[in-house]
Amino acid sequence: MPGTRRRHQRRKAFARWERIAKDTVAAVRRGREIAAAEARGEEPAGEWVDATDRVLAEAERIRARGAA
């Protein structure tokens, strides 16, 4: 049974890394599409959420608690 367990662990690890690789390839493809759109002077396709105000407010709350 130890060999079966190791095989299962290897399959599980392979599936995990395969998913990571596919996600990475998709992110690179999306980044290239965005860069190409910007190079053409276009807005990138899709809905973009501007989180600047939320991030700045959270940073201020953290600083108010004494964080650097």
Side-chain angles (χ1 to χ4, degrees):
M1 281 299 179
T4 303
R5 195 173 316 138
R6 278 190 287 248
R7 243 189 329 269
H8 176 70
Q9 289 172 340
R10 282 193 301 267
R11 275 192 227 135
K12 188 176 177 180
F14 176 79
R16 178 175 178 258
W17 284 107
E18 183 180 37
R19 181 180 39 80
I20 290 169
K22 287 178 179 179
D23 290 349
T24 301
V25 168
V28 169
R29 184 179 306 118
R30 180 68 179 135
R32 288 180 176 155
E33 291 170 0
I34 291 169
E38 288 180 342
R40 293 188 302 267
E42 302 170 357
E43 286 290 320
E47 185 176 326
W48 296 90
V49 177
D50 186 355
T52 303
D53 293 336
R54 182 179 51 82
V55 171
L56 291 174
E58 181 66 20
E60 185 56 39
R61 280 192 293 279
I62 292 168
R63 278 193 292 278
R65 290 191 309 236

Does CD in Glu42 sit with more than 12 non-hydrogen atoms of other residues, nucleotides or ligands closer than 6.0 Å?
yes
So how far is it from [X] [atom1] to [Y] [atom2], rounded to the nearest 0.5 Å?
| X | Y | atom1 | atom2 | answer |
| --- | --- | --- | --- | --- |
| Ile62 | Arg65 | CD1 | CZ | 5.5 Å |
| Glu60 | Glu58 | CD | CD | 10.5 Å |
| Leu56 | Arg61 | CG | CZ | 10.5 Å |

Which atom pairs, donor and acceptor, lie under 3.5 Å between side-chain atoms of residues 9-17 and protein residues at least two apart or in another chain?
none

Can you give each donor-acceptor pair under 3.5 Å made by side-chain atoms of residues 18-39, sequence neighbours left out, with the distance rounded to 0.1 Å?
| unit_1 | atom_1 | unit_2 | atom_2 | d |
| --- | --- | --- | --- | --- |
| Thr24 | OG1 | Ile20 | O | 2.8 |
| Arg30 | NH2 | Ala45 | O | 2.5 |

